[in-house]
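Here the structure is a predicted model, which is why all the values come from computation and not from measurement.
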Amino acid sequence: MVDLMQIMQEVKRGVAEMIDEDRIFNLIKNFYEKGENFYVKAGFDPTAPDLHLGHTVVLGKMALLQKHGAIVQFLIGDFTGQIGDPSGKSATRKKLDKQTVLKNAKTYEEQVFKILDPAKTKIMFNSTWSNELGAAGMIELASTFPVARMLERDDFEKRIKAGTPISISEFLYPLMQGYDSVAMKCDIEMGGTDQKFNLLMGRTLQRIYNVGKEQAVITMPLLEGLDGVNKMSKSLGNYIGVTDAPNEMFAKTLSISDELMWRWYDLLSEKSTGEIAALRASVDAGKYHPKKAKEDLAYEITARYHGEAAAKAASEEFNSVHVQNQIPSDLETFEMSSPAWIVEALTHCKLCPTNSQARRDIAANAVSVDQKKINDEQLKLDSGIYVLQVGKKKFARLKVV
């Protein structure tokens with residue numbers, strides 16, 4: 001016999017807020033007692049070509065719900081993506097053209113099954129019903145919600161006080177997202193904490209349009225990126241993409257702070273809360289080194305998206321490069337004419353952003369050529385192939401011709 005309370009504890013783990021918890025409990029209960037499936041929706045606007053680990057916080061929870069009766073409605077916002085979600089934005093987002101949105105949507109469709117069960121997932125596009133809504137339908141939709149309520153949104157309120165323009169299309173965005181819930185007839189909608197207003201809009205519109213149900217809402221925390229401060233974001237460069245190469249994924253995970261590591265364990269690991277608590281207690285007691293705990297997390301994440309063999313190879317590669325100070329096996333190769341000035345070579349190989357930084361790194365004894373430290377910023381490299389290194393992590397191969 002299943003333990004429904006234990007299942008609910010798993011579902012609630014890491015959740016920021018759960019609205020209508022009783023409904024969620026009953027949906028799971030009906031699955032086990034009556035075999036009835038329920039529908040869980042999450043929408044993703046394809047504004048960038050890749051999903052990252054921040055997205056997987058929601059997707060991972062949806063994958064858990066699939067084990068307990070959920071059919072996931074993975075909604076690709078090919079229509080709303082052209083409007084732009086104003087959530088958390090301090091200015092109107094640049095409109096994306098349809099071709100870019102569709103191209104990005106294709107990559108989402110390919111990547112999502114790294115996490116979700118294909119047999120229990122429906123890929124949906126909101127242009128299906130949004131295009132059919134038409135002008136009359138859009139006006140009717142816009143009439144369902146007062147402007148005063150829309151202006152209660154925290155991000156809109158801040159922009160008004162700052163004198164920052166808000167376009168009418170941004171008012172339409174939460175209405176269109178809410179209408180998705182009407183068309184999809186979902187039982188639960190999920191999203192990040194910044195999506196709460198939009199998710200509640202779905203409940204409101206399901207009631208107004210007499211869908212016969214009001215969706216429950218689950219919000220998940222926003223995952224901090226590699227910097228440990230800002231939300232994981234491609235625009236901030238603090239992300240790990242689910243399609244990143246195994247070596248890159250493993251190394252990036254190991255670069256996070258010890259404090260952030262536990263946050264990632266809670267939101268990304270498939271270990272139980274008890275297992276994580278025991279692991280943390282072991283680290284606190286000095287019985288388990290935090291670096292080993294971080295390596296275990298890096299291994300788990302890499303194995304999830306690339307398989308055990310790739311994770312093992314990435315671990316061995318990282319150990320050989322960063323622990324034993326060996327040269328990586330997959331160096332990018334650059335080419336320059338002879339003689340190549342070392343300062344320009346470092347910038348050409350993207351190891352230093354500027355010549356000034358290259359000079360500083362040389363002066364700091366942080367630059368090696370063929371694993372030999374150099375301190376002469378006037379060094380010229382004759383014809384040949386060289387391995388350049390800055391610090392412990394940055395390598396490149398230079399061919400001088």
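At distances below 3.5 Å, not a single donor-acceptor pair connects side-chain atoms of Lys196 with backbone N or O atoms of Thr219.
A salt bridge does not link Arg23 to Glu214: none of the charged side-chain nitrogens sits closer than 4.0 Å to a carboxylate oxygen. Between Lys291 and Glu295, at least one side-chain N (NZ, or NE/NH1/NH2) sits under 4.0 Å from a carboxylate O, which counts as a salt bridge.
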Show me the side-chain donor-acceptor pairs of residues 279-288 shorter than 3.5 Å, one per line, residues at least two apart or across chains.
{"from": "Tyr288", "atom 1": "OH", "to": "Asp296", "atom 2": "OD2", "distance (Å)": "2.2"}

Please report, to 0.1 Å, the donor-acceptor pairs under 3.5 Å made by any side chain of residues 340-350, with sequence neighbours excluded.
{"from": "Trp341", "atom 1": "NE1", "to": "Glu377", "atom 2": "O", "distance (Å)": "2.6"}
{"from": "Thr347", "atom 1": "OG1", "to": "Glu344", "atom 2": "O", "distance (Å)": "2.9"}
{"from": "Thr347", "atom 1": "OG1", "to": "Asn355", "atom 2": "OD1", "distance (Å)": "3.4"}
{"from": "His348", "atom 1": "NE2", "to": "Glu335", "atom 2": "O", "distance (Å)": "2.9"}

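No hydrogens or angles considered: a donor-acceptor pair under 3.5 Å links the side chains of Arg360 and Gln357. Counted by atom type alone, Lys399 and Thr333 present zero donor-acceptor pairs between their side chains at under 3.5 Å.
In terms of the side-chain hydrogen bond (donor to acceptor under 3.5 Å, both in side chains) criterion, Lys103 has no residue partners (sequence neighbours excluded). Evaluation of the side-chain hydrogen bond (donor to acceptor under 3.5 Å, both in side chains) rule for Lys158 yields Asp154 as partners, not counting sequence neighbours. Annotation: side-chain contact (heavy atoms from CB on, under 4.5 Å) contacts of Asn26 (sequence neighbours excluded): Lys29. Taking Lys213 as the reference, Asp187 meet the salt bridge (Lys or Arg N to Asp or Glu O under 4.0 Å) condition, with sequence neighbours excluded. Under the ring-ring contact (aromatic ring centres under 6.0 Å, His included) criterion, Phe197 pairs with no residue at all, not counting sequence neighbours. Applying the salt bridge (Lys or Arg N to Asp or Glu O under 4.0 Å) criterion to Glu140, with sequence neighbours excluded, gives no partner residue. With sequence neighbours excluded, the residues satisfying side-chain hydrogen bond (donor to acceptor under 3.5 Å, both in side chains) with Ser269 are Glu300.
Relative orientation of the Tyr179 and Tyr209 rings is perpendicular, given thresholds of 30° and 60° on the angle between their planes.
Ser181 pairs in a side-chain hydrogen bond (donor to acceptor under 3.5 Å, both in side chains) with only one of the listed residues (Lys41, Gln73, Gln206, Arg203), which is Lys41.
Under the ring pair (Phe, Tyr, Trp, His ring centres under 6.0 Å) criterion, no residue pair touches residues 105-125, with sequence neighbours excluded. Applying the side-chain hydrogen bond (donor to acceptor under 3.5 Å, both in side chains) test to every pair with at least one member in residues 251-262, sequence neighbours left out, gives these pairs: Asp244-Lys252, Glu248-Lys252, Asp258-Lys294. Under the salt bridge (charged side-chain N to carboxylate O under 4.0 Å, His left out) criterion, the residue pairs touching residues 6-16 are Lys12-Glu21, with sequence neighbours excluded.
At least one side-chain heavy atom of Arg263 sits less than 4.5 Å from a side-chain heavy atom of Glu224.
The six-membered or imidazole ring of Phe74 lies near that of Phe44, with a centre-to-centre distance under 6.0 Å.
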